[in-house]
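Structure record follows, encoded as structure tokens.
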There are 2 protein chains.
Amino acid sequence: MDLRQASYVVAVVDHGTFTAAAASIPVSQPALSQAVATLERELGAELFHRLGRQVRLSPAGEAFLEPARQMLRDAEVARAAVADVVGLTSGRLDVVALSTLVAEPLVGLVGRFRRMHPGVLVRITEPEDADAVVGDVRSGAAELGLGDVDEVPAGLALDPLGRQALFAVLPPGTGLADDRRLPVARLARFPLITTPRGTSSRRLLGQALRLADPDADPEIGVVTQHREAIVPLVMAGAGAAILPEPLARAAAALGAVIAPLSPRLERPVALVRRSGPLSPAAEAFRQLAVGNPF
Amino acid sequence: MDLRQASYVVAVVDHGTFTAAAASIPVSQPALSQAVATLERELGAELFHRLGRQVRLSPAGEAFLEPARQMLRDAEVARAAVADVVGLTSGRLDVVALSTLVAEPLVGLVGRFRRMHPGVLVRITEPEDADAVVGDVRSGAAELGLGDVDEVPAGLALDPLGRQALFAVLPPGTGLADDRRLPVARLARFPLITTPRGTSSRRLLGQALRLADPDADPEIGVVTQHREAIVPLVMAGAGAAILPEPLARAAAALGAVIAPLSPRLERPVALVRRSGPLSPAAEAFRQLAVGNPF
DNA sequence: TGCTCCGATAAGCTGTGCCGATGGATCTCC
DNA sequence: GGAGATCCATCGGCACAGCTTATCGGAGCA
């Protein structure tokens with residue numbers, strides 16, 4: 001059985017004769033006759049009674065007709081469903097993003113994307129650890145990744161979106177020098193609040209401290225997986241943290257003292273994708289992202 | 001698009017890899033890859049993300065999957081529906097029968113047929129006139145015809161089922177000779193009750209009367225299309241009628257006087273069908289009918 | 001009794017679906 | 001880290017399936 005054969009049968013029913021049906025498809029009349037005959041042989045039953053000059057649907061044909069119509073409708077549904085995904089009126093986009101990149105730049109991009117393509121569901125996931133952004137894209141768990149990488153293994157590709165400055169976030173009332181830049185060495189004298197090893201934030205912190213003084217032994221005051229606890233901890237005087245600028249500014253609005261570091265500390269922000277063609281939604285998102293650097 | 005391609009996609013989803021899917025179908029892995037690739041080109045979207053060694057359903061593939069499964073289910077439904085008709089667990093059989101043949105032999109045959117094949121709906125229709133039995137079979141309005149013909153035009157075929165005697169049916173109290181056979185000439189002296197011209201009964205009546213005396217001018221007392229009125233009319237003394245033996249005997253049970261005619265009058269009873277293969281239900285009915293002559 | 005219309009059949013061709021073999025990439029296991 | 005295993009894509013070649021044109025046979029119609 002075959003969609004083609006089914007459509008031929010339906011056409012014969014709808015047009016009353018093989019000849020008219022063949023003309024409407026379009027296909028030659030012998031081709032149609034042969035296709036129907038082949039189907040009848042396969043099913044083991046005549047679908048039409050041949051009555052000299054006219055044909056008439058047989059009982060078997062009547063039984064066949066409705067499922068056949070349904071089959072053809074389903075084919076159209078399948079085609080349309082894919083077209084919707086291609087046309088971005090439907091579908092889903094999976095993005096894995098470092099949690100410190102969700103607020104900025106991800107939410108802005110997703111907002112614009114959703115306004116442009118309201119039918120496409122965007123699913124944002126968090127990576128297990130810093131390397132998982134790349135890993136999830138590689139494994140297909142997500143189609144796009146937003147991370148702080150500046151290179152990716154073979155098979156993946158990368159679109160740099162910009163660089164993000166990291167600020168020190170200090171308890172309210174902390175006095176700072178006039179130029180308002182905080183030497184890393186001074187930061188290291190605060191008890192520090194950070195996330196566990198393996199996270200991107202922790203890696204950046206370690207990198208900054210080593211840069212300032214490879215031999216220093218800074219005090220880690222609090223380690224927590226709960227990123228949303230970091231600012232409150234700082235506010236409560238538990239120690240200092242370093243956070244991406246957007247998060248730091250939000251903390252400043254709550255009363256925290258923030259400052260860019262000296263030397264300047266920043267990290268790349270890039271979109272990770274597999275090389276090769278992306279799904280339409282992912283490609284549209286990528287265009288949006290690279291067209292709107294921050 | 002194609003049922004084959006759809007089933008390939010479904011197999012890949014269900015088995016996780018192209019290779020496993022190919023083995024399960026069975027088809028070679030390159031054939032499966034190529035078929036999926038062709039479908040993807042036609043739909044204008046990747047259905048699977050190829051991630052090195054593994055594949056993963058893309059958003060377009062997810063959209064495609066359910067309609068595709070439905071399509072395959074419908075194909076099975078269509079196949080099964082036809083198989084049911086072939087296997088006589090479903091379907092319909094259209095029989096056109098002279099009304100005087102419905103009581104005997106049709107109802108007995110249909111009863112047995114229905115007990116053998118309870119799933120098959122039997123539809124009994126009445127012909128417009130005597131010729132319409134053949135005409136309805138020829139036109140396909142019915143697949144089988146039950147009539148009093150003994151030959152059919154080319155394209156049709158005939159199974160003789162037997163011969164049916166015609167009896168005179170006379171009002172209660174009518175005196176008959178000892179041998180209880182009624183000469184047609186005597187019948188002609190009764191006012192006669194019959195159906196309109198063109199019906200089989202009327203034709204038989206005329207034939208009988210002409211046989212007895214070509215010059216006679218018998219009186220037609222009542223002409224009615226309502227066959228069920230004939231026996232009551234006879235009972236009411238409106239005149240005499242000739243009826244097939246089974247109907248006549250039923251009338252006798254009500255008090256009518258019945259008698260075979262002299263010369264003996266009878267008509268053929270035959271099943272009319274188109275030449276060539278019949279639908280399974282019709283063929284089964286035919287076998288039943290010819291195997292049980294009366 | 002031709003004439004026309006319709007479906008089946010015949011013959012030939014083209015496209016395509018399949019297979020086996022091979023290549024490239026990735027994952028795994030020692 | 002290297003060898004093997006696994007998986008998908010590509011290539012070359014073959015066979016079959018479906019299509020087309022041409023023709024036949026039968027049925028309805030004037």
Side-chain angles (χ1 to χ4, degrees), chain A residues 1-9 11-13 15-42 46-58 61 134-135 137-140 152-157 274-277, chain B residues 1-9 11-13 15-42 46-58 61 134-135 137-140 152-157 274-277:
Chain A
M1 196 184 321
D2 191 337
L3 284 180
R4 183 184 54 89
Q5 293 170 318
S7 71
Y8 286 4
V9 170
V12 172
V13 172
H15 289 84
T17 72
F18 278 52
T19 302
S24 77
I25 289 182
V27 74
S28 72
Q29 170 266 317
L32 190 147
S33 280
Q34 197 172 4
V36 172
T38 303
L39 178 60
E40 287 176 322
R41 217 172 312 120
E42 178 191 337
E46 271 194 334
L47 298 177
F48 297 95
H49 293 155
R50 274 76 164 176
L51 305 156
R53 195 157 156 176
Q54 66 173 331
V55 292
R56 194 183 177 89
L57 204 58
S58 75
V134 170
V137 173
R138 168 171 285 270
S139 76
V152 287
L156 297 185
R274 65 181 187 282
S275 40
Chain B
M1 198 185 317
D2 191 337
L3 284 179
R4 182 183 53 87
Q5 292 170 320
S7 71
Y8 285 5
V9 169
V12 173
V13 172
H15 289 85
T17 72
F18 278 51
T19 301
S24 77
I25 290 182
V27 74
S28 74
Q29 170 265 316
L32 190 148
S33 280
Q34 197 172 1
V36 173
T38 302
L39 177 60
E40 288 177 322
R41 219 172 309 121
E42 177 192 336
E46 271 194 332
L47 298 178
F48 297 95
H49 292 156
R50 274 75 164 178
L51 304 154
R53 191 159 158 178
Q54 66 174 331
V55 292
R56 196 185 176 89
L57 203 58
S58 76
V134 170
V137 173
R138 168 172 285 270
S139 76
V152 285
L156 297 185
R274 64 179 188 283
S275 40

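Fair warning: this is a prediction, and the values are worked out from it, not measured in the lab. Each chain gets a letter, A, B and so on, in the order its sequence line appears, and its residues count up from 1.
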(request) Please determine, for the side chain of A:S28, which listed nucleotide (D:dT20, C:dC18, C:dG7) has the closest atom? (result) D:dT20

(request) Drop me the distance from B:S24's OG to B:H15's NE2, to the nearest 0.5 angstrom. (result) 3.5 Å

(message) If you compare every side-chain N and O of B:R4 against the phosphate oxygens of C:dC18 (OP1, OP2), does one of them come in below 4.0 Å?
(response) yes

(request) Round to the nearest Å and state the distance from A:L3 atom CG to D:dA17 atom P. (result) 18 Å

(message) Rounded to whole Å, please give me the gap between CZ in A:R41 and P in C:dA8.
(response) 12 Å

(request) Tell me which nucleotide among C:dA8, D:dC7, D:dC19 gets nearest to the side chain of B:T19. (result) D:dC7

(request) For A:F48, answer base if it contacts any base atom (sugar-phosphate contacts may also be present), sugar-phosphate if it contacts only those atoms, and nothing otherwise; contact means non-hydrogen atoms under 4.0 Å. (result) nothing

(request) Check the distance between D:dC8's C1' and B:L32's CG and give it to me in whole angstrom. (result) 11 Å

(message) Heavy atoms only, 4.0 Å cut-off, all strands: where does A:Q29 land among base, sugar-phosphate and nothing?
(response) base

(request) Just call it for A:T17: base, sugar-phosphate, or nothing, with non-hydrogen atoms closer than 4.0 Å on any strand. (result) sugar-phosphate

(request) Please check the phosphate of D:dC19 (OP1 and OP2 only) for any side-chain N or O of A:Y8 closer than 4.0 Å. (result) yes

(request) Could you check how far CD of A:E46 sits from P of C:dG7, rounded to whole Å? (result) 14 Å

(request) Could you tell me whether the side chain of B:Q29 and the main chain of B:F18 form a donor-acceptor pair under 3.5 Å? (result) no

(request) Hey, which sits more toward the 5' end of DNA chain D by its nearest nucleotide, A:Q5 or B:G16? (result) B:G16

(request) Find the distance A:R50:CZ to C:dA8:C1' and express it as a whole number of Å. (result) 9 Å

(message) Can you give me the closest heavy-atom contact between B:V137 and B:R274, atom names plus distance?
(response) CG1-N, 3.8 Å

(request) Write down the distance between CG (B:L39) and P (C:dG17), rounded to a whole number of angstrom. (result) 11 Å

(message) Under 4.0 Å from OP1 or OP2 of D:dC8: is there any side-chain N or O of B:S33 that close?
(response) no

(request) Would you please say whether a donor-acceptor pair under 3.5 Å links the side chains of B:Q34 and B:T38? (result) no

(message) Nearest to the side chain of B:R138, heavy atoms from C-beta on, is which of D:dC19, D:dA9, D:dA27?
(response) D:dA27

(request) For A:A35 and for B:A154, locate the closest nucleotide of DNA chain D by heavy-atom distance; then report the residue assigned to the nucleotide nearer the 5' terminus. (result) A:A35

(request) Please name the pair of heavy atoms, one in A:R56 and one in B:G140, separated by the smallest distance, quoted to 0.1 Å. (result) NE-O, 2.7 Å

(request) Would you give the length of the straight line joining atom CG of B:L39 to atom CG of B:L47, rounded to the nearest 0.5 angstrom? (result) 5.5 Å

(request) Assign each of A:G155 and B:T38 to its nearest nucleotide of DNA chain C by heavy atoms, then name whichever residue's nucleotide is nearer the 5' end. (result) B:T38

(request) Mind calculating the distance between CD1 (B:I25) and C1' (C:dC19) to the nearest angstrom? (result) 15 Å

(message) Quick check for you: among D:dC19, D:dA9, C:dC19, whose closest atom lies nearest to any side-chain atom of B:Q34?
(response) C:dC19

(request) For A:E40 and C:dT9, give me the distance from atom CD to atom P, rounded to whole Å. (result) 11 Å

